[in-house]
2 protein chains.
Amino acid sequence: MPRLDESLLTGLPPFARLGRPEIREILDQAASRRYDEGAAIFREGHDAETFFLLLDGYVRVARTTADGDQVVVLHIAPGQLFGIAPALRRDTYPATASAAAECIALAWPVQLWHDFAARYDGFAAETYRTVGQRLGEIQGTLTQLATQAVEQRVADALLRMANQSGRKTDAGIEIAFPVTRQNISEMTGTTLHTVSRLLSAWQKAGIVRSTRKHIVITAPHRLVELGSAGGPES
Amino acid sequence: MPRLDESLLTGLPPFARLGRPEIREILDQAASRRYDEGAAIFREGHDAETFFLLLDGYVRVARTTADGDQVVVLHIAPGQLFGIAPALRRDTYPATASAAAECIALAWPVQLWHDFAARYDGFAAETYRTVGQRLGEIQGTLTQLATQAVEQRVADALLRMANQSGRKTDAGIEIAFPVTRQNISEMTGTTLHTVSRLLSAWQKAGIVRSTRKHIVITAPHRLVELGSAGGPES
DNA sequence: GCTGAACGTTGCTCTTCCACAAACTTCCGG
DNA sequence: CCGGAAGTTTGTGGAAGAGCAACGTTCAGC
């Protein structure tokens with residue numbers, strides 16, 4: 001296995017306060033793994049044996065209900081830790097993670113988590129900051145699901161993805177990983193049919209352009225109007 | 001102020017591994033506070049200056065949307081820590097907490113949190129376990145909201161409250177704190193009207209008995225049927 | 001014992017969105 | 001180049017549940 005380069009970790013929040021030697025130590029204990037698009041990284045309920053740092057790609061975290069429905073809880077962007085069950089003293093993963101696009105991740109055995117937390121300054125703090133952010137994000141999604149209409153939720157879901165992973169192109173903001181209508185429906189608690197209709201309508205209105213698994217937002221401001229409140233008030 | 005008795009904390013998970021002298025230390029730094037039913041304990045977005053342990057009563061944690069809707073995220077039962085923003089490196093509360101029933105809580109200034117975590121064995125670990133549990137709970141609510149019909153969500157909300165705070169009476173399981181239809185609708189993302197109709201129907205069917213702000217579940221198993229799957233499959 | 005406020009019930013209407021269905025397009029492997 | 005799989009589009013009911021409205025009930029304060 002090629003030796004991993006230290007620049008992979010420098011600058012990332014959990015390791016921000018560390019010097020090269022510490023980063024070297026951490027890297028030397030990591031395994032690098034690759035996942036094809038759609039591949040499962042870990043599954044809900046399984047023993048949490050590993051925690052991860054996403055180097056490249058996007059990870060989708062989802063839960064499955066008793067009757068087989070999927071609900072997408074959040075997305076992980078490059079540079080973030082995930083599968084951090086040990087930080088919350090869980091010995092089992094609370095959700096399923098799969099590669100939304102082809103992914104490269106570093107993996108460490110859970111036992112090392114407490115080591116890292118004890119030994120490396122800022123590591124635990126940053127991890128918990130991340131947990132806090134995700135908790136907030138999930139609460140936000142919950143709130144939206146409870147109060148907003150479908151159109152607003154879908155608009156917001158698009159904007160959230162664009163914010164977290166948007167690539168600016170000449171045509172507008174492009175969501176950087178493959179997304180199906182089905183995926184979006186799983187994020188917003190609706191059906192792929194409804195999502196398809198909304199996207200078609202928005203495309204006709206010039207707000208988005210979409211092809212198979214691929215969405216570009218051409219008029220973000222109009223989507224914001226749709227999402228945050230409902231139609232433009234009188 | 002009367003000196004607080006050590007028995008208040010012995011046996012509670014965050015302090016389980018501590019001896020009397022440590023518990024004494026912790027208590028001596030605590031302020032005891034009382035809140036009337038409905039009183040706000042802290043508000044979303046305000047500076048997190050204090051964290052709490054609920055001794056008696058029930059706390060409702062909610063978020064408010066831009067257009068004034070409330071969404072109840074979870075309930076806190078006696079013996080649990082809450083307002084633990086510092087554990088997640090937040091300097092502001094992510095939600096609003098108010099007393100669902102009259103409450104007695106211990107309060108400490110946030111600065112002490114890191115002290116406690118560093119000095120007292122098991123304190124941080126137990127706190128994070130709690131965070132993990134709540135995260136799981138919220139994910140569960142999210143999943144339900146995204147996939148289940150209103151009737152099932154309301155049934156489940158009742159059962160959750162009964163599980164967490166149920167008092168067994170001769171008539172059935174009684175929810176130990178005051179709940180309005182409005183409250184339930186805020187937990188389930190529906191309207192008080194719909195909740196009222198459901199409760200009426202269930203009362204006619206002999207599943208619950210309810211009076212003003214007060215609910216007794218007389219046939220929990222039938223509610224479980226309603227919640228977990230939908231009507232009894234052929 | 002009144003009065004007003006908070007809480008609860010119920011009927012009706014109307015919209016939203018799901019369910020079902022069928023066809024079409026894009027993509028990939030052989 | 002062909003065939004199938006995966007993803008998408010569009011149409012047509014129909015049902016669930018929100019919105020609106022009006023009225024009834026319980027309770028606390030004076």
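Within every chain, numbering begins at 1; the chains are lettered A, B, ... in the order of the sequence lines, protein sequences first and strands thereafter.
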inquiry  = Using side-chain heavy atoms (C-beta onward) and a distance below 4.5 Å, is B/Cys103 in contact with B/Leu54?
reply    = yes

message = Can you confirm whether A/Asp91 sits close enough to A/Asp47 that some side-chain heavy atom of one is under 4.5 Å from a side-chain heavy atom of the other?
response = no

For [N], does OP1 or OP2 lie under 4.0 Å from any side-chain N or O of [X]?
X        : N     : answer
A/Arg181 : D/dG7 : no
A/Ser196 : D/dT9 : yes
A/Ser200 : D/dT8 : no

remark   = Only one of B/Phe52, B/Trp108, B/Tyr93 passes ring-ring contact (aromatic ring centres under 6.0 Å, His included) with B/Phe82, and that residue is B/Phe52

query = Which part of the nucleic acid, if any, lies within reach of A/Leu192 when heavy atoms closer than 4.0 Å are counted: base, sugar-phosphate only, or nothing?
reply = base

task = Classify the nucleic acid contact of B/Thr191 as base, sugar-phosphate or nothing, counting any heavy atom under 4.0 Å across all strands shown.
result = sugar-phosphate

Main-chain N/O of A/Ile207 paired to A/Thr218 side chain as donor or acceptor, under 3.5 Å = yes

ask   = Which sits closer to the 5' end of DNA chain D, B/Arg153 or A/Lys213, going by the nucleotide each is nearest to?
value = A/Lys213

Please report the shortest heavy-atom distance between [X] and [Y], naming the atom on each side.
X        : Y        : value
B/Ala176 : B/Ser165 : CB-O, 3.0 Å
A/Arg60  : A/Ala100 : NH2-CB, 3.6 Å
B/Leu53  : B/Leu12  : CD2-CD1, 3.7 Å
A/Pro86  : A/Gly83  : CD-O, 3.8 Å

Selection from D/dG7, D/dA18, D/dG17 that lies nearest to any side-chain heavy atom of B/Ala149 = D/dG17

key: Sub-4.0 Å heavy-atom contacts from residues 139-147 of chain A onto DNA chain D, ordered by number   = none

ask   = Do NZ/NE/NH1/NH2 and the carboxylate oxygens of A/Glu37 and A/Lys213 come within less than 4.0 Å?
value = yes

Pair A/Thr194, A/Thr191: side-chain N/O donor-acceptor within cut-off below 3.5 Å = yes

List, with names and distances, any nitrogen or oxygen atoms from the protein found under 3.5 Å away from nitrogen or oxygen atoms belonging to nucleotides 22-30 of chain D.
from	atom 1	to	atom 2	distance (Å)
D/dT26	O2	B/Arg212	NH2	3.2

ask   = Do A/Asp170 and A/Lys168 pass the salt bridge (charged side-chain N to carboxylate O under 4.0 Å, His left out) test, and can you show the C-alpha distance, the side-chain angles, and the key distance before you say yes or no?
value = CA-CA 7 Å; A/Asp170 45 352; A/Lys168 201 138 199 168; over 6 Å; no

query = Any N or O donor-acceptor pair linking the side chain of B/Arg197 to the base of D/dG19 at under 3.5 Å?
reply = yes

query = Nucleotide range of DNA chain C contacted by chain A, 5' to 3', under 4.0 Å to a heavy atom?
reply = C/dC17 to C/dC27

